[in-house]
Amino acid sequence: KAGVTQTPRYLIKTRGQQVTLSCSPISGHRSVSWYQQTPGQGLQFLFEYFSETQRNKGNFPGRFSGRQFSNSRSEMNVSTLELGDSALYLCASSLVQGAEQFFGPGTRLTVL
Amino acid sequence: SQQGEEDPQALSIQEGENATMNCSYKTSINNLQWYRQNSGRGLVHLILIRSNEREKHSGRLRVTLDTSKKSSSLLITASRAADTASYFCATDGVYNQGGKLIFGQGTELSVKP
């Protein structure tokens with residue numbers, strides 16, 4: 001099976017812009033979770049989707065949003081980018097809650 | 001805030017030696033997972049141990065879980081230079097909805113040839 005894929009791999013934006021990141025889960029996986037990784041805060045949970053429904057959300061401002069499509073692919077959007085949004089954004093998919101999460105390679109976002 | 005605490009933050013050993021990393025957490029869990037990350041890339045899943053398990057093996061990896069102490073350890077035996085990476089523990093809490101994992105800060109392992 002193909003692994004989790006994320007596009008784009010690298011992105012450079014300026015403050016105030018918005019960005020959309022995409023994640024394709026492993027075939028058959030219906031749960032997709034998103035995480036932000038920064039040197040200061042480490043790995044932090046953003047949100048999780050299962051069958052197009054957001055089941056859980058981390059402690060991030062409303063500028064961070066996401067969605068999931070019927071084919072389980074997921075997107076996350078960050079509006080009005082701030083310098084502090086520079087991070088590695090990782091998505092993970094799993095078969096069911098409580099199972100292993102398999103991560104994609106990440107999208108490295110740089111905000112200038 | 002992150003739930004997991006990992007110890008040590010950095011570990012440097014010679015090839016062939018064993019490496020032990022520890023993880024502590026705060027709330028009741030369904031399972032605990034260990035991941036490896038090479039140089040800011042994606043996380044690779046290593047092993048999952050459920051709350052009713054005490055020990056699990058996978059190749060050169062041995063994980064223990066002590067729910068009474070809310071702690072886990074990862075042992076890598078006969079380490080290789082290719083094991084150089086950051087290692088993270090992550091917990092799936094009993095009271096979580098959805099696939100939320102809480103990660104520790106990680107242990108940076110350096111294995112010198």
Side-chain angles (χ1 to χ4, degrees), chain A residues 3-6 9-10 23 25-26 29-60 66 68 72 74 86-110, chain B residues 1-7 9-10 23-53 56 58 61 63 65 74 85-108:
Chain A
V4 178
T5 59
Q6 291 187 247
R9 293 291 310 278
Y10 301 92
C23 171
I26 291 171
H29 286 192
R30 293 162 65 188
S31 170
V32 174
S33 300
W34 287 89
Y35 296 85
Q36 181 198 63
Q37 186 178 28
T38 60
Q41 298 299 315
L43 280 151
Q44 293 189 291
F45 173 80
L46 280 157
F47 29 65
E48 186 259 0
Y49 288 87
F50 183 87
S51 292
E52 302 178 65
T53 300
Q54 186 183 89
R55 294 195 298 188
N56 207 342
K57 190 177 192 304
N59 190 23
F60 279 82
Q68 187 180 35
S72 294
S74 178
S86 293
L88 181 66
Y89 289 89
L90 295 160
C91 86
S93 76
S94 64
L95 199 54
V96 293
Q97 184 176 349
E100 297 90 336
Q101 291 192 17
F102 296 92
F103 282 77
T107 294
R108 185 162 296 282
L109 171 65
T110 302
Chain B
S1 64
Q2 290 186 349
Q3 173 174 255
E5 299 286 337
E6 292 188 59
D7 166 55
Q9 289 189 4
C23 166
S24 61
Y25 57 91
K26 295 178 182 173
T27 62
S28 298
I29 61 170
N30 291 315
N31 64 64
L32 185 145
Q33 304 180 40
W34 285 91
Y35 289 86
R36 184 186 75 226
Q37 185 178 41
N38 290 85
S39 245
R41 299 167 78 173
L43 278 74
V44 174
H45 186 270
L46 295 176
I47 199 163
L48 179 153
I49 186 165
R50 303 198 184 280
S51 60
N52 61 352
E53 297 175 309
K56 207 160 181 182
S58 176
L61 306 180
V63 167
L65 179 66
L74 170 67
S86 294
Y87 291 81
F88 295 90
C89 68
T91 53
D92 177 5
V94 165
Y95 303 108
N96 284 343
Q97 288 183 344
K100 176 179 180 178
L101 293 178
I102 304 295
F103 282 84
Q105 307 104 313
T107 293
E108 274 192 44

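So you know, we letter chains A, B, ... as the sequences are listed, proteins then strands, and number each from 1.
Contacts of A/Ala92 with chain B are absent, with no heavy-atom separation under 4.5 Å from either backbone or side chain. Interface remark: A/Ser33 contributes side-chain atoms only to the contact with chain B (heavy atom separation under 4.5 Å). Using a 4.5 Å cut-off between heavy atoms, B/Leu101 contacts chain A through both its backbone and its side chain. Using a 4.5 Å cut-off between heavy atoms, B/Asn30 does not touch chain A at all.
Evaluated for a side chain to side chain contact (heavy atoms under 4.5 Å, CB included) with B/Lys100, the options A/Phe45, A/Tyr35, A/Phe47 yield exactly one hit, A/Phe45.
Heavy-atom contacts from other residues, nucleotides or ligands closer than 6.0 Å to CD of A/Glu52 number more than 12. Shown here is B/Asn52, whose CG atom has more than 12 heavy atoms of other residues, nucleotides or ligands within 6.0 Å. Heavy atoms from other residues, nucleotides or ligands lying under 6.0 Å from CD of A/Glu100 number more than 12.
Put simply, CZ on B/Arg41 and CZ on A/Arg108 are 11.5 Å apart, with the number rounded to the nearest 0.5 Å.
Looking at every heavy atom in both residues, B/Tyr35 comes nearest to A/Gln101 through OH-O, 3.0 Å. Residues A/Gln37 and B/Phe88 approach most closely at NE2-CZ, 3.8 Å, considering heavy atoms.
Here A/Pro105 is the residue among A/Ser94, A/Gly106, A/Pro105 with the most heavy-atom pairs under 4.5 Å with chain B.
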